Amino acid sequence: MSGPKAFRIVTRAEIIAICHRNLARLDAAIESWTTAGRRNGTIEQKDIEKVIARRDELRRLLNADRFVELQKQVAAEIGFLQVDSERRVERAAEIAARSKRDLRRSKAAAEALLQRLQALKVEIPADIRSELSGSTGSSERLEATMARALLLVPSQALDTSTDRQRALADRLGAGERRETLQEWLSRQHQEIEDQALARVDAVLGELRGLGIDSSPFSERVALLEAEPPARRSLVADSLLLDLAAAVKDGRARVRLANELRQRRAELSVMKSMEAASLRSEIEETLSSPSASNGQELVKRADCLIEEEFKAMAAEERRRAVLEGLASLGYEVSEGMATAWVDNGQIVLRKAANPGYGVELLGGSRSDLLQVRAVGIGSSAEIRDENRDRDMETIWCGEFDRLKALVAKAGGNVAMEFARPVGQFPLKIVSDPDVSHQAEIAERSYRELPLNRHN
């Protein structure tokens, strides 16, 4: 198969650029994971150090030319960080909901205990009364105060068991045992547990895990707590709908922030002024939670990254092919790569056989390249068909050597199709030197002043 060929080429430089982009995405994933973990207090410095150590180990794969392994492991590490971050956010939400629930239970129990003490006409120290009736303070502080307050209650007043249970306790010698705080609280919690408030606590915890301020809902939550238990479920429905909308919006914001960090990281490995400018815009948006141009920046970044990466890859493909053909004895001169882009094709003469060469096409807008052996001269000349066929056969071996050169440099060539020798007549093209000189003359003519005829 040594006739016209179509092939795709991936160069070492393109593979390395892909790896750099993957490592940049990993850096962004680590930043997002760290930001969420620190915000919620779910990671420690040792956790961060382990992730950084794994990242550094993946970077060493690049230096060892283990490109395929690097790409697989980076994708796996990014996936792990995303799942782990979500798990830690869920844990933070559960802790926040439990803390809220415990505080509400403690307040209700403190109020119940205060009412009990008042009903028993027990003299209550001012500091204990203040703590039990206060609306501030943690559940731990309230429980410590309740433990002191329980000591004020006569043991007989705390005993709510039946006569038979009391008689049995007396026979076992436990009649004088005073009820502990945890025993008393467990009975109170069973009485004051409210499913509507529990659902609200869970969603508020999720908002907390996402880093969203829940204070706009504080007044409505307080009103819900003041509602009679029979009405709470009905009133909670409206609040839960609004909380769910806030959670949905919060998840979208977190997702967008992660996407912006990823684009910023990818742009950081690019050297153009456009990339630097867009990266600055993304940084400004990330630092301003109220910014509304995030989606637009993601789209612009995707377009620029794709455009610059394709341009780089196409340039490296042309460079690899021209350098390879030059080492095989084809005449390659300065400016040929540019001419290839401008004209969409280029002809290279074989130095040892000036009447023959190869024509290269494509590669500027896609990664598909085409190449074929050509005769150089006039189409009016009589051709030696056997000689033409021999040169096509020689080109077959040279193309295999070109593929080997690309592979040796760290790239690879994948064939799309190859036509047999002689299936198509050898294409005849004009002398590339004459065409090149004519092009230079035309360009010089176009660059003359507009008043050149005066």
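Here the structure is a predicted model, which means the values were calculated and not measured.
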**Request:** Identify whether the distance between the nearest side-chain nitrogen and carboxylate oxygen of Glu416 and Arg8 falls below 4.0 Å.
**Result:** yes
**Message:** One thing to verify: whether Asp27 and Arg264 come together as a salt bridge, which I'm taking to mean a side-chain N less than 4.0 angstrom from a carboxylate O.
**Reply:** no
**Message:** Within this structure, what is the CD-CD distance for the pair Glu307 and Glu274, rounded to the nearest 0.5 Å?
**Reply:** 8.0 Å
**Request:** Answer yes if the side chains of Arg91 and Thr42 hold a donor-acceptor pair under 3.5 Å, and no otherwise.
**Result:** no
**Item:** Ring centre gap for Phe417 and Phe7 strictly below 6.0 Å
**Value:** no
**Prompt:** So Glu69 and Gln73, side chain to side chain donor-acceptor pair (under 3.5 Å) or not? Walk me through it.
**Reply:** CA-CA 6 Å; Glu69 186 177 352; Gln73 292 195 24; 3.0 Å; yes
**Prompt:** Do Leu360 and Gln370 have side chains that get closer than 4.5 Å, going by heavy atoms?
**Reply:** no
**Request:** Assess whether side chain to side chain contact (heavy atoms under 4.5 Å, CB included) is satisfied between Ile48 and Gln45, documenting all intermediate values.
**Result:** CA-CA 5 Å; Ile48 299 174; Gln45 184 59 34; 4.1 Å; yes
**Request:** Mark yes or no for whether Ser85, through its side chain, and Leu81, through its backbone, hold a donor-acceptor pair below 3.5 Å.
**Result:** no
**Prompt:** At what distance, to the nearest 0.5 angstrom, does CG of Leu117 lie from CZ of Arg129?
**Reply:** 8.5 Å
**Prompt:** What pair of heavy atoms forms the shortest contact from Leu402 to Val321, and how long is it?
**Reply:** CD1-O, 4.2 Å
**Side-chain heavy atoms of Ile30 within contact of Ile52, under 4.5 Å** = yes
**Asked** Going from CD on Glu77 to CG on Asn22, what distance comes out if it is rounded to the nearest 0.5 angstrom?
**Response** 13.0 Å
**Asked** From Leu197 CG over to Glu227 CD, what is the distance, rounded to the nearest 0.5 angstrom?
**Response** 10.5 Å
**Request:** Give the C-alpha distance, both sets of side-chain angles, the deciding distance and a yes or no for side chain to side chain contact (heavy atoms under 4.5 Å, CB included) between Val298 and Leu260.
**Result:** CA-CA 6 Å; Val298 169; Leu260 286 170; 3.7 Å; yes
**Item:** Residue among Thr145, Leu113, Leu114 satisfying side-chain contact (heavy atoms from CB on, under 4.5 Å) with Ile128
**Value:** Thr145
**Asked** Quick check: does any side chain N or O of Ser327 sit under 3.5 Å from a backbone N or O of Gly324, one acting as donor and the other as acceptor?
**Response** yes
**Request:** State, without any angle test, whether Asn258 and Arg255 hold a side-chain donor-acceptor pair at a distance under 3.5 Å.
**Result:** no
**Request:** Side-chain contact test, heavy atoms from C-beta onward, threshold under 4.5 Å: evaluate it for Lys408 versus Lys403 and give yes or no.
**Result:** no
**Message:** If you compare all heavy atoms of Ile282 against all heavy atoms of Ala301, which two are closest, and at what distance to 0.1 Å?
**Reply:** CD1-CB, 4.4 Å
**Partners passing side-chain contact (heavy atoms from CB on, under 4.5 Å) against Asp65 (at least two apart in sequence or in another chain)** = Arg12, Phe67
**Message:** Are the side chains of Leu405 and Leu328 in contact, using a 4.5 Å heavy-atom criterion?
**Reply:** yes
**Message:** Within this structure, what is the CG-CZ distance for the pair Leu204 and Arg199, rounded to the nearest 0.5 Å?
**Reply:** 12.5 Å
**Message:** Assess whether a salt bridge exists between Glu281 and Arg300, defined as any Lys/Arg side-chain N lying under 4.0 Å from an Asp/Glu carboxylate O.
**Reply:** yes
**Request:** May I ask you to say whether Arg317 pairs ionically with Asp367, meaning some side-chain N is under 4.0 Å from a carboxylate O?
**Result:** no
**Message:** Using every non-hydrogen atom in the two residues, find where Ala339 and Ile346 come nearest and quote the distance to one decimal.
**Reply:** CB-CD1, 4.5 Å
**Message:** Heavy-atom count check: over 12 atoms from other residues, nucleotides or ligands less than 6.0 Å from Glu219 CD?
**Reply:** no
**Request:** Taking all non-hydrogen atoms of both residues into account, name the closest pair between Thr34 and Ile43 and its distance.
**Result:** O-CD1, 3.8 Å
**Message:** Within the 4.5 Å heavy-atom criterion, are Leu58 and Leu26 side-chain neighbours or not?
**Reply:** yes
**Asked** Would you say Ser130's side chain and Asp127's backbone share a donor-acceptor pair under 3.5 angstrom?
**Response** no
**Request:** Please answer whether the main-chain N or O of Met273 pairs with a side-chain N or O of Ser277 as donor and acceptor at a distance below 3.5 Å.
**Result:** no
**Message:** With a 4.0 Å cut-off on N to O distance, would you call Arg98 and Glu94 a salt bridge?
**Reply:** no
**Message:** Would you say that Phe217 contacts Leu207 through its side chain, given a criterion of any heavy-atom pair below 4.5 Å between the two side chains?
**Reply:** yes
**Request:** Please report the closest heavy-atom contact between Ser106 and Glu143, naming both atoms and the distance.
**Result:** OG-OE2, 3.8 Å
**Prompt:** Can Arg88 and Asp84 be said to form a salt bridge (charged side-chain N to carboxylate O under 4.0 Å, His left out), step by step?
**Reply:** CA-CA 6 Å; Arg88 291 175 186 270; Asp84 186 67; 2.6 Å; yes
**Asked** When you look at Asp102 and Glu140, which way does the side chain to side chain contact (heavy atoms under 4.5 Å, CB included) test go after all the steps?
**Response** CA-CA 9 Å; Asp102 290 346; Glu140 292 81 4; over 6 Å; no
**Message:** If you apply the rule side chain to side chain contact (heavy atoms under 4.5 Å, CB included), what do you find for Arg208 with Asn40, and how did you get there?
**Reply:** CA-CA 8 Å; Arg208 168 70 173 80; Asn40 293 314; 3.2 Å; yes
**Complete:** What one should report as the nearest heavy-atom pair of Leu142 and Ala110 is CD2-CB, 4.2 Å
**Message:** Could you check whether Arg87 pairs with Glu90 (Lys NZ or Arg NE/NH1/NH2 to Asp/Glu carboxylate O, under 4.0 Å)?
**Reply:** no
**Prompt:** Below 4.0 angstrom, N of the basic side chain to O of the carboxylate: do Asp47 and Lys50 qualify?
**Reply:** no
**Prompt:** Atom CG in Leu70, atom CD1 in Ile18: separation rounded to 0.5 Å?
**Reply:** 11.0 Å
**Asked** Any side-chain heavy-atom pair from Phe309 and Glu14 closer than 4.5 angstrom?
**Response** yes
**Asked** Do any N or O atoms from the side chain of Trp33 and from the backbone of Phe80 form a donor-acceptor pair under 3.5 angstrom?
**Response** no
**Request:** Output yes when Arg261 and Glu266 qualify as a salt bridge under the 4.0 Å nitrogen-oxygen rule, no when they do not.
**Result:** no
**Arg253, CZ atom: more than 12 neighbouring heavy atoms under 6.0 Å** = no
**Request:** Would you tell me whether Gln82 and Glu86 have side-chain atoms, one donor and one acceptor, within less than 3.5 Å of each other?
**Result:** no
**Item:** Side chain proximity check, Arg21 to Ile305, heavy atoms < 4.5 angstrom
**Value:** yes
**Request:** Could you give me the CA-CA distance, side-chain angles and deciding distance for Arg319 and Glu315, then say whether salt bridge (charged side-chain N to carboxylate O under 4.0 Å, His left out) is met?
**Result:** CA-CA 6 Å; Arg319 188 199 312 278; Glu315 181 180 353; 3.3 Å; yes
**Asked** Got a donor-acceptor contact below 3.5 angstrom from the Ser218 side chain to the Ser215 backbone?
**Response** yes
**Prompt:** Are Glu308 and Ser272 close enough that a side-chain donor and a side-chain acceptor fall under 3.5 Å?
**Reply:** yes
**Item:** Presence of salt bridge, Asp56 and Arg60, under 4.0 angstrom
**Value:** no
